[in-house]
Amino acid sequence: MPEAGSREEGRGPAGGYGAAEPRRSGRRGPSVVLGVSAGIAAYKACELLRLLTESGHHVRVVPTGEALRFVGEPTWAALSGNPVATGVWDSVHEVPHVRIGQGADLVVVAPATADVLARAACGLADDLLTNTLLTARCPVVFAPAMHTEMWEHPATRANVATLRRRGAIVIEPAVGRLTGADTGRGRLPDPGEIFEVCRRVLSGRRADLTGLRLVVSAGGTREAVDPVRFLGNRSSGLQGYALARTAVARGAQVTLVAANVTLPDPAGATLVRVESALELRDAVLEAVKESDAVVMAAAVADFRPAARSGSKIKKSSAEPEPIPLVKNPDILAELGERRREGNAPCPRVIVGFAAETDDVLANGRAKLARKGCDLLVVNQVGEGLAFGTPDNAAVVLGAEGERVEIPRGPKEDLADVVWDLVARRLA
Ligand SMILES: Cc1cc2nc3c(=O)[nH]c(=O)nc-3n(C[C@H](O)[C@H](O)[C@H](O)COP(=O)(O)O)c2cc1C
């Protein structure tokens, strides 16, 4: 029996969430139970339901009785094409309080109220949803949404920790507008991003990164020339966002430092937005203080203008003025150095990315030796390669001489291989 709170327990103990391999009926798409509890964000679950049904999932919606105050039973029944019940006393001959959970490939509760998290953590079985949560042996995803005070309350923190220890994936809520005029952490992430987590979990990946705190940098920095112009690069942030998304789906707590990315926020990652290399450095050094691993996927400018003009540079002079540049700090090398010196909190595993156009592997090896990181993901960039594309190919070089080839495929697949290598080093 694993110790309470150990990562072993987090992987899904016998009888806990995700204890069984994802089940496939073969006859139709995966069976998903969509639990909906009584948060103001219940209406957003309609969009999640649509995304699930339109991608071939068979969805049974199990709202709480209170949730029906926000969105009514006919909406769930019509959108899912399935009967909807909140209690255990409907269609008793079909034993729904047991069968719905037993037959599910995935249970996702979105939004999950403070109340439903508490009931699930305590193992209560006072409605159809909590019965389903007790009988399900498939992966379970909770997407909490509530006011910041409720989310930060020690009772909710303890309930979330309990659910995570049992193998459930509890997605961190987003920061933004809450009920009424207030803002803060507690907002339900974008339904499309919750759907991505569900898709990843259904793909068979276990919550094997549960308990790990990971930092990812993504996007490309911008170095201001004047209030209008900047020196930038072509990084879209797709690879870094794929790293964040896959880590969340595998149960990790992720801080994503994003430089000028316009993609939807990945569900569950704590997002820190930055613009320049100096801002990215500060954000990464702050985030890594309490982390197990960092993956630096952002394209960080090597140089910045020595001075930023306070007003727009005019083209009045006949010849353009040169823009003197100064070197930016080398964040990856700094992380490696901090760890070597051991006088600042530093993650156990440091991963860098190297975008190269020529002599890709030779340059990658030289960079790995220079930076003092554990793994370097080397990819060739250029016209139609890596930047802004949904797929990528790379070679991962390890400090001890390992070399792992990742063939061209979705950036999520590459991300999974990187996390596999990180997890192996952390184990
Ligand atoms: C307008 C309104 C909005 C609410 N929004 C939330 C919410 O976002 N998150 C939450 O945890 N509770 C929220 N609550 C409180 C829950 O509805 C309440 O705790 C309820 O008992 C939860 O029931 P359930 O967990 O069985 O669905 C809200 C209540 C009201 C009246």
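Every number for a ligand or one of its atoms is a count from 1 in the order of the listing.
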Engineer: At the 4.0 Å heavy-atom cut-off, does His147 count as touching ligand 1?
Structural biologist: no
Engineer: What are the atoms of ligand 1, with element, lying closer than 4.0 Å to any heavy atom of Ser37?
Structural biologist: 25 (O), 27 (O)
Engineer: Atom 26 (O) of ligand 1: which protein heavy atom is closest, and how many Å away?
Structural biologist: Arg119 NH2, 2.8 Å
Engineer: Any protein heavy atom sitting closer than 4.0 Å to atom 2 (C) of ligand 1?
Structural biologist: yes
Engineer: Any non-hydrogen protein atom below 4.0 Å of atom 18 (C) of ligand 1?
Structural biologist: no
Engineer: Which residue holds the protein heavy atom closest to atom 24 (P) of ligand 1, what is that atom called, and what is the gap in Å?
Structural biologist: Asp115 OD2, 3.4 Å
Engineer: Heavy-atom count check: over 12 atoms from other residues, nucleotides or ligands less than 6.0 Å from Arg308 CZ?
Structural biologist: yes
Engineer: Under a 3.5 Å distance rule, please check whether Lys367 uses its side chain to pair with a backbone N or O of Phe353 as donor and acceptor.
Structural biologist: yes
Engineer: Give the contacting part of Phe70 toward ligand 1: side chain, backbone, both or neither, where contact means a heavy-atom distance below 4.0 Å.
Structural biologist: side chain
Engineer: Tell me which protein heavy atom sits closest to atom 11 (O) of ligand 1, plus the residue, atom name and distance to 0.1 Å.
Structural biologist: Ala114 N, 2.8 Å
Engineer: Report yes or no: does Ser37 contribute a side-chain atom to a donor-acceptor pair with the main-chain N or O of Thr113 at less than 3.5 Å?
Structural biologist: yes
Engineer: Nearest to atom 5 (N) of ligand 1, what protein heavy atom do you find, and at what distance?
Structural biologist: Ile40 N, 3.4 Å
Engineer: Please indicate whether Phe70 has more than 12 foreign heavy atoms, meaning atoms of other residues, nucleotides or ligands, lying under 6.0 Å from its CZ.
Structural biologist: yes
Engineer: Starting from atom 14 (N) of ligand 1, which protein heavy atom do you reach first, and at what distance in Å?
Structural biologist: Ala38 O, 3.6 Å
Engineer: Can a donor-acceptor pair be found between the side chains of Asp127 and Thr130 at a distance below 3.5 Å?
Structural biologist: yes
Engineer: Would a distance-only check, ignoring hydrogens and angles, find a side-chain to backbone donor-acceptor pair under 3.5 Å from Ser235 to Gly219?
Structural biologist: yes
Engineer: Side chain of Asn131, backbone of Ala125: donor and acceptor closer than 3.5 Å?
Structural biologist: yes
Engineer: Looking at Trp151, is Arg157 sitting on its ring face, NZ or CZ under 6.0 Å from the six-membered ring centre and within 45 degrees of the normal?
Structural biologist: yes
Engineer: Under a 3.5 Å distance rule, please check whether Thr86 uses its side chain to pair with a backbone N or O of Pro63 as donor and acceptor.
Structural biologist: no
Engineer: Judging by distance only, is a nitrogen or oxygen of Ala41 under 3.5 angstrom from one on ligand 1?
Structural biologist: no
Engineer: Looking only at N/O atoms, are Asp127 and ligand 1 under 3.5 Å apart anywhere?
Structural biologist: no
Engineer: Who's the nearest protein heavy-atom neighbour of atom 6 (C) of ligand 1, and how far?
Structural biologist: Gly39 CA, 3.6 Å
Engineer: Applying side-chain contact (heavy atoms from CB on, under 4.5 Å) to Arg281 and Val300, what does each step give before you reach the verdict?
Structural biologist: CA-CA 9 Å; Arg281 173 185 173 273; Val300 183; over 6 Å; no
Engineer: Please work out, at 4.0 Å between heavy atoms, whether the side chain, the backbone, both, or neither of Thr113 comes within that distance of ligand 1.
Structural biologist: both
Engineer: Is a side-chain N or O of Thr221 found less than 3.5 angstrom from the main chain of Ala301, in a donor-acceptor match?
Structural biologist: yes
Engineer: Using a 4.0 Å heavy-atom cut-off, say whether Ala145 meets ligand 1 through its side chain, its backbone, both or neither.
Structural biologist: backbone
Engineer: Just jot down the ligand 1 atoms closer than 4.0 angstrom to any heavy atom of Thr64, in number order.
Structural biologist: 24 (P), 26 (O), 27 (O)
Engineer: Do any nitrogen or oxygen atoms of Glu66 lie less than 3.5 angstrom from nitrogen or oxygen atoms of ligand 1?
Structural biologist: no
